[in-house]
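Here the structure comes first, spelled out in structure tokens, and everything after it is commentary.
Chain naming here is simple, since letters A, B, ... match the order of the sequence lines and numbering starts at 1 in each.
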Protein chains: 2
Amino acid sequence: MNTPETMTAVENRLVQLNPHVSVDCVIFGFDEGDLKVLLIERNLDELDHQSRLYSLPGNLVDDNEDLDTSAMRILKELTSIENLFLEQFYAFGDPNRVKNSTDAQWLNAVRDVPTARVITVAYYSLVKIGDYQTAPSSFARKTWWCPVSETPDLAFDHNKILNAALRSLKNKLRIEPIGFELLPKKFTLGQLQKVYETILGTVLDKRNFRRKILNKGFLKPLQEKQKGVPHKRARLFEFDQETYDSLKSGQLNFEF
Amino acid sequence: MNTPETMTAVENRLVQLNPHVSVDCVIFGFDEGDLKVLLIERNLDELDHQSRLYSLPGNLVDDNEDLDTSAMRILKELTSIENLFLEQFYAFGDPNRVKNSTDAQWLNAVRDVPTARVITVAYYSLVKIGDYQTAPSSFARKTWWCPVSETPDLAFDHNKILNAALRSLKNKLRIEPIGFELLPKKFTLGQLQKVYETILGTVLDKRNFRRKILNKGFLKPLQEKQKGVPHKRARLFEFDQETYDSLKSGQLNFEF
DNA sequence: ATATGAGCGTGTTGATATGACACATTTGAG
DNA sequence: CTCAAATGTGTCATATCAACACGCTCATAT
């Protein structure tokens, strides 16, 4: 361990010149008609439950580790899922990302050089909450699927990052059909519509939505139907990756 | 100066843990119906003109400098223009970005710690070649407006970065009207159409293009006309920022 | 058993946007 | 004064879009 006190002037200079680089992940899930984001809880003082601080999952990039690899590592540690939708969307480099003394306190606890500047590369990811349950297995800290509409104050500039992620997600959804990434493998059109409505922040007409999305041709209707619902059972659909790929290579447009 | 030889083990470790962070800029211009990119020429050996190596303009991020600020600094040094269209589009962190011995050789010449890993945050920028001439004033090295279709092998992973920039630019153009950023303040619809055609890589129908773009409402027709052309003079137009802003805040769509 | 509540599934019409398509005009150059 | 080159203009057929309402089916509650 190198604490600041033991560092030489040269070491200090090197640390100043070389910012740390981290990766932060905005992990989106969809549950009960709500868009959620996976937050990590840090108890600064185990006994004081008032001092709860939430942040996005993230970590320093390892030596010799690609940025994408680093993001996947963080995701896997948290969710133990490997093949996820994952996309880098922005790098945040404000020299004053440490916004208050609580942030600084936490950095002191976990970093070798807590005063060093940190530049973070942010990713967002879409996971199927329904299929895989959150598996904080190897991870020591508590996690929380927080509805994005109720996000509390987060550490550092994480609120800013989350907002940027939402904007990117919205743009992406208008250009590529990624909504199903948030749903179980088999889903109903109602669920899919809810995803679109939630992310785009609009209300859509059911009949128009069905027509539009089915005409794209990448949704495969199954024979199977919903079970155990207190109303008419909806037909289940699957995203048909193969057809999608072949349609996409045919230069087709998927703007919604 | 700290050469690797004089460094202690601790210093080495710090350098390893803390990658350098740089900003690279893909500066696009448009000239004679061609999309161009501003490259920098590095002569490793002043006498050997065979050893020409081109790269994107870029630099290490200064201590306490925001990423955007850093990008603007690089741009200003090269073009002496301040208010440019500038957009961050991706961070590249492959640990093996130094692709060959020429790269390494160059790093040796300009960096304190040439072996350190470098993570780069890439921006692209749109400039009006016509209005402002390239002013490499304060800049020692030679620059070249290279047609993107004829890009040579570039240093490091700069070809990859350039390609990604092109993709981002294409996406952006379909969503927001940024074509005029590449043209003089006053331009003809023919010029603008050429910009769209070049960036999108398609051929467009003149009448349909005019109808579509004029219906958006943010192009202000001027009384003035083109001069000195060996054919009918085209009417000049201006991008009307005010109208655009007010239309945009009205939630309108500008997809092309 | 039966009534209720909740979400499913379905088609038409009018308005708007789009792509395809051709020719006379104006200018500088030779 | 002829030529080459780019401007400017309208229609029609098609596709896309938004708006709109009601009967059906299931689980639950009574």
Side-chain angles (χ1 to χ4, degrees), chain A residues 30-34 130 174-175 177 183-184 186-198 200-217 219-238 247 250-256, chain B residues 30-34 130 174-175 177 183-184 186-198 200-237 247 250-256:
Chain A
F30 193 76
D31 194 21
E32 300 172 20
D34 235 6
R174 305 180 110 279
I175 291 170
L183 296 173
K186 302 171 179 181
F187 51 86
T188 71
L189 292 186
Q191 293 174 304
L192 189 59
Q193 180 176 347
K194 215 42 177 278
V195 168
Y196 274 81
E197 290 181 331
T198 309
L200 298 179
T202 55
V203 175
L204 300 171
D205 178 86
K206 203 203 311 186
R207 283 172 287 193
N208 293 339
F209 177 80
R210 298 178 141 252
R211 178 169 28 120
K212 198 164 170 180
I213 206 90
L214 288 177
N215 278 342
K216 309 268 185 202
L219 288 189
K220 185 162 64 185
L222 304 175
Q223 292 320 311
E224 220 168 328
K225 296 208 167 184
Q226 236 178 353
K227 274 180 209 160
V229 287
H231 53 73
K232 185 169 174 181
R233 294 165 179 166
R235 174 181 297 277
L236 293 173
F237 289 79
E238 259 183 16
L247 289 173
Q251 312 287 357
L252 280 187
N253 229 4
F254 290 103
E255 294 192 14
F256 185 78
Chain B
F30 194 77
D31 195 22
E32 300 173 19
D34 236 6
R174 306 178 108 280
I175 291 171
L183 296 173
K186 302 172 180 181
F187 52 86
T188 71
L189 292 186
Q191 292 174 305
L192 190 60
Q193 179 175 349
K194 215 40 175 281
V195 168
Y196 275 81
E197 289 181 332
T198 309
L200 298 180
T202 56
V203 175
L204 302 170
D205 179 85
K206 202 202 313 185
R207 284 171 287 191
N208 293 339
F209 177 81
R210 298 178 140 251
R211 184 182 33 180
K212 198 164 171 180
I213 206 90
L214 287 177
N215 278 342
K216 308 270 184 201
F218 50 68
L219 289 188
K220 185 162 67 185
L222 303 175
Q223 292 321 311
E224 221 168 326
K225 297 208 167 184
Q226 236 179 353
K227 274 180 210 160
V229 287
H231 53 72
K232 187 171 174 182
R233 294 167 179 165
R235 174 181 297 278
L236 292 174
F237 289 80
L247 289 172
Q251 311 289 357
L252 279 187
N253 229 3
F254 289 104
E255 293 191 14
F256 185 79

- Query: Among A:R235, A:K206, A:R210, which residue meets the side chain to side chain contact (heavy atoms under 4.5 Å, CB included) test with A:L189?
  - Reply: A:R210
- Task: Test for a donor-acceptor pair under 3.5 Å between the base of C:dG19 and the side chain of B:R207, counting only N and O atoms.
- Result: no
- Check if the side chain of B:N208 and the base of C:dA20 share a donor-acceptor pair of N or O atoms closer than 3.5 Å. yes
- Output yes when a side-chain donor or acceptor of A:Q226 lies under 3.5 Å from a complementary backbone atom of A:A234, and no otherwise. yes
Quick one: [X] [atom1] to [N] [atom2], roughly how many Å, whole number?
{"X": "A:Q191", "N": "C:dC8", "atom1": "CD", "atom2": "C1'", "answer": "13 Å"}
{"X": "A:D205", "N": "D:dT16", "atom1": "CG", "atom2": "C1'", "answer": "14 Å"}
{"X": "A:E255", "N": "C:dA17", "atom1": "CD", "atom2": "C1'", "answer": "14 Å"}
{"X": "A:L192", "N": "C:dC8", "atom1": "CG", "atom2": "P", "answer": "12 Å"}
{"X": "A:F237", "N": "C:dC8", "atom1": "CZ", "atom2": "C1'", "answer": "11 Å"}
{"X": "B:R210", "N": "D:dT9", "atom1": "CZ", "atom2": "P", "answer": "6 Å"}
{"X": "B:K216", "N": "C:dT18", "atom1": "NZ", "atom2": "C1'", "answer": "12 Å"}
{"X": "B:N215", "N": "C:dA15", "atom1": "CG", "atom2": "P", "answer": "18 Å"}

So do [Y] and [X] actually touch side chain to side chain, heavy atoms under 4.5 Å?
{"X": "A:T202", "Y": "A:Y196", "answer": "no"}
{"X": "B:F187", "Y": "B:V195", "answer": "no"}
{"X": "A:F30", "Y": "A:K194", "answer": "yes"}

- Message: Assess the residue pair B:F237 and B:F218 against the criterion (ring-ring contact (aromatic ring centres under 6.0 Å, His included)); give the C-alpha distance rounded to whole Å, side-chain angles, the decisive distance to 0.1 Å, and a yes or no.
- Response: CA-CA 10 Å; B:F237 289 80; B:F218 50 68; over 10 Å; no
- Message: To check you understand the geometry: which heavy-atom pair defines the closest contact between A:K225 and A:R233, and what is its length?
- Response: CD-O, 4.0 Å
- Query: Between D:dC12, D:dT9, C:dC8, which one does the side chain of B:R211 approach most closely?
  - Reply: D:dC12
- Query: Counting only non-hydrogen atoms, which of residues 226-233 of chain A are less than 4.0 Å from DNA chain D?
  - Reply: A:V229, A:P230, A:H231, A:K232, A:R233
- Indicate, with a heavy-atom threshold strictly under 4.0 Å, whether B:R235 touches base, sugar-phosphate, or nothing. sugar-phosphate
- Message: Under 4.0 Å, counting only non-hydrogen atoms across every strand here, what does A:K206 touch: a base, just sugar-phosphate, or nothing?
- Response: base
